[in-house]
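This report refers to the structure that appears directly beneath it.
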There are 2 protein chains.
Amino acid sequence: MNQFMPNWLKQRAELTPDRLAIKTDKEMLSFQQLHTRVKQRAHLLSLSGVESGHHTAILMKNSIEMVETIYAVMSIGAVAVMLNTRLSDHELEWQVLDVEAVHIISNQEYLGKINGLKDKKNIIVSEQIHQVNDEVQSFINVDGEYTPEQVATIMYTSGTTGNPKGVMQTFGNHWSSAIGSALNLGLQSNDRWLLAVPLFHISGLSILMRSVIYGMGIILLERFDANKMNDAIIQDKVTIVSVVTTMLQQMLEKLDKQQYPDSFRCMLAGGGPVPKSLLEECQTRQIPVYQTYGMTETSSQVVTLTPEHSMKKLGSAGKPLFSCQIKIVKDGKECLANEEGEILVKGPNITKGYWKRTKATEEAIQDGWLHTGDQGYKDDDGFLFVLDRRSDLIISGGENVYPAEIEATLLSHPKIRDAGIVGVEDEKWGQTPYAFVVLHEELSKIELVEYCKERLAAYKVPKDFKVIEELPRNASNKLLRRELKDWLNKG
Amino acid sequence: MNQFMPNWLKQRAELTPDRLAIKTDKEMLSFQQLHTRVKQRAHLLSLSGVESGHHTAILMKNSIEMVETIYAVMSIGAVAVMLNTRLSDHELEWQVLDVEAVHIISNQEYLGKINGLKDKKNIIVSEQIHQVNDEVQSFINVDGEYTPEQVATIMYTSGTTGNPKGVMQTFGNHWSSAIGSALNLGLQSNDRWLLAVPLFHISGLSILMRSVIYGMGIILLERFDANKMNDAIIQDKVTIVSVVTTMLQQMLEKLDKQQYPDSFRCMLAGGGPVPKSLLEECQTRQIPVYQTYGMTETSSQVVTLTPEHSMKKLGSAGKPLFSCQIKIVKDGKECLANEEGEILVKGPNITKGYWKRTKATEEAIQDGWLHTGDQGYKDDDGFLFVLDRRSDLIISGGENVYPAEIEATLLSHPKIRDAGIVGVEDEKWGQTPYAFVVLHEELSKIELVEYCKERLAAYKVPKDFKVIEELPRNASNKLLRRELKDWLNKG
């Protein structure tokens, strides 16, 4: 079977040149216009030394320039390493060095964050990449084909082990993810997807991939803004939106008594469970919410609630996408219906593995099954209910926060002897991290927060902390987070 | 990348058990009901000796039982060899032996056609496969996964060399074909596809594959009937229909002054070019016709006219499906726009090759490009215009008729010294075959027709013949069919 695929954007520009590709509050581009820009950018990046096979880090904010950069890097045959702009200098430096990026393409405003890398890496400032005249196009070869096994992007995600790992997403992964979503949600000629989640996350990037594969326009926002979201749905005839709970809540507040038009057909809610009360409010307002479950390792959705069940199975994440399978396993055995265990997933959208982490890859993916670390069960009808993301995972405003990473940072402070992090409920963000610390000597809250801010993204900095004598650990010295939670709940 | 896929029908029955799978004038089945029947049939077939890896020939007419049989054979892991019920006894015997089928599953009414095989092959009569009670299900394992490289079906197609060749279509080929079509035509939750072309042809089988992959209902007719087609579109809310020109013509005649409902969105017209006058009539009646180009080797469509161009580019076959590529080649060089040459196609829907015909496969598929033998050109905007199917191909009512095959039959007659076949225009069928023969001794038309009828499908039997002194051949002894056509046109 021939597995080569034409360069997606080139093919799309040839097939449907005049369809809307992307719209921001500043401009609108057709697929042909976008492709022309990407060819120019690819040319200029290759003049700056970006080559096929390179790892090229991208540190940018949602914008047409970021979209151009992603496509240009892919067209060259380099791997786009998507950096989270909210990370601290330390975190960014660690990822760029770990991934062995040759270049970093950055917006001007983030240069300060990568100052420490300026002697080690080639930094390309996006604002200094100037458009050139049309003649230049002829020198650029973007005729390369894509193969399913070729790595397209790398995104870092943490785990229980402290240091983040680079998830390698292949062209085949992105393709399968886009196709699985289309088979579930359908594909209409009037579809427009509102993209207001970060492009450096799989939730955002996967919308871009769907756009080019489907020939579907996206409305791109630089950042979430509830009023702009509602305007886009009402005025720009958006049909599908990707949100996390906190976004959805704010959108409904701002929407007040207005209604979304009939053309709006799907509110795709990921990044953690949506509270029942919110789902019910949406039901009352006739807003179709599709809860979904997925992660960086599954290149976005892997389980989604199908249209016919979105109301009947409130709280469920749904059933697997067509090419995907799930099973619940406990103590090495597959669970029966309604029995709790670890969620395992399989499918062509599952990552090829973690960059340079053979052992972690082998542990995570066995016989094609990804061990998610998340707990859940399937009901009698086969619907998945996710009970807990990895027992220790904190989801704050859709961002994954891994306690081990924060703990490692706290432990590097000379005054801290031991540290444990748990998530606490937060009305706005869902959860925020909270620290328990054992001290060598006295430490102020300001001191602790400042220390963390320098080293961690703001959303990872503990909102408060409590000094204790000793952390609860089991015989094998494993931290008992549930006990910490109990302590917290008891005040 | 994990390439395993769950058994399609099993997965579909688990994901959307209650959706309509299939409707005939006798009954309606949901995907769950169909899956239950298929598990039973698979069990009974395996009791009859059908095993994973076997080639299992299917000689049946469009019916729910035929659909069950196809899925049952796939579920067992055997390869379904799709036999054309219109073939003669000789042709069927040749194909069954060539493909090394272990079993033939046949409708009662076709048993006479395979009488000569009854001592050589296991014949299973479909009408004698009785439904069993539900308990039997538990003994059947249909949990096997599909892989893209696994051969799902074999269909015979002739070529310029006389004997037909078995085209191997993999699960990956069928999958890619269904996905390519969805990306082009879209996918709506109300979609229903009317299937009135034979399931033993790729045009029919590919609708079945789309049905299970999309979760889309099909309305199945045993055979083409213009009134029933129109009824299905109007009463059963069919949204998409696959037709060939002669079917479309008859449907419009019977439709008279009625209109198709707005829900009807696509008349997919394959199997040869649609005359401009007919396209224009459809335009007047607001019937959206999508011309398409494809063949058994491409597992159905490879080039289709997209919605936005269906009216502007009358007569064109359109642009490639998203994963596919086309190029026009003459004397080993790629042609410029508007320059005529051979049409080459590439994509994941292209056959793995011809069964047991390594040389023919290597000639046909080079560097992933299938040499179609068809002539055409791309216009300035990249739209494909098919000028001639393989210079010698005759398309009669949507069936491919290969002159070389008829010529070989004629040459086996003791009174015939040489023979040449060309297509002549026919108002109803598009084209029919016409014979030029050089004789050893006198031969009547009845004699010739009877001889052919015994050996060839009815649609391949020459409608008339002319006795000549010698056939026009070039220096390398190649028959000059164009000269034969000229002789005919001159009377």
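Just so we're on the same page: letters track the sequence lines, and every chain starts at 1.
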### Message
Is B:P17 close to chain A through its backbone or its side chain, or both, or neither, when contacts mean heavy atoms under 4.5 Å?
### Response
side chain
### Euclidean distance, A:S323 OG relative to B:E145 CD, rounded to 0.5 Å
11.5 Å
#### Entry: Most chain A-contacting option - heavy-atom pairs closer than 4.5 Å, from B:P320, B:G353, B:A182
B:P320
### Task
Answer with side chain, backbone, both or neither: which region of A:I213 has an atom nearer than 4.5 Å to a non-hydrogen atom of chain B?
both
### Task
Starting at CG of A:L183, measure out to CE of B:M216 and round the result to the nearest 0.5 Å.
11.0 Å
## Note on the structure
Taken to the nearest 0.5 Å, the spacing of B:S176 OG from A:M5 CE works out to 9.5 Å
### Message
Looking only at heavy atoms and a cut-off of under 4.5 Å, which of B:G318, B:C324, B:G215 has the most pairs with chain A?
### Response
B:C324
### Query
What distance separates B:K319 NZ from A:T16 OG1, expressed to the nearest 0.5 Å?
8.0 Å
### Message
For A:Q11 versus B:F322, what's the shortest heavy-atom pair and its separation?
### Response
NE2-O, 3.0 Å
## Note on the structure
Sorted by chain and number, sequence neighbours left out, side-chain hydrogen bond (donor to acceptor under 3.5 Å, both in side chains) with B:D18 holds for none
### Query
Quick one: CD on A:E14 to CD on B:Q325, what's the gap to the nearest 0.5 Å?
8.5 Å
### Query
Non-hydrogen atoms of chain B under 4.5 Å away: do they reach the side chain of A:I179, the backbone, both or neither?
side chain
### Query
chain A heavy atoms under 4.5 Å from B:W175: which part of the residue, side chain, backbone, both or neither?
side chain
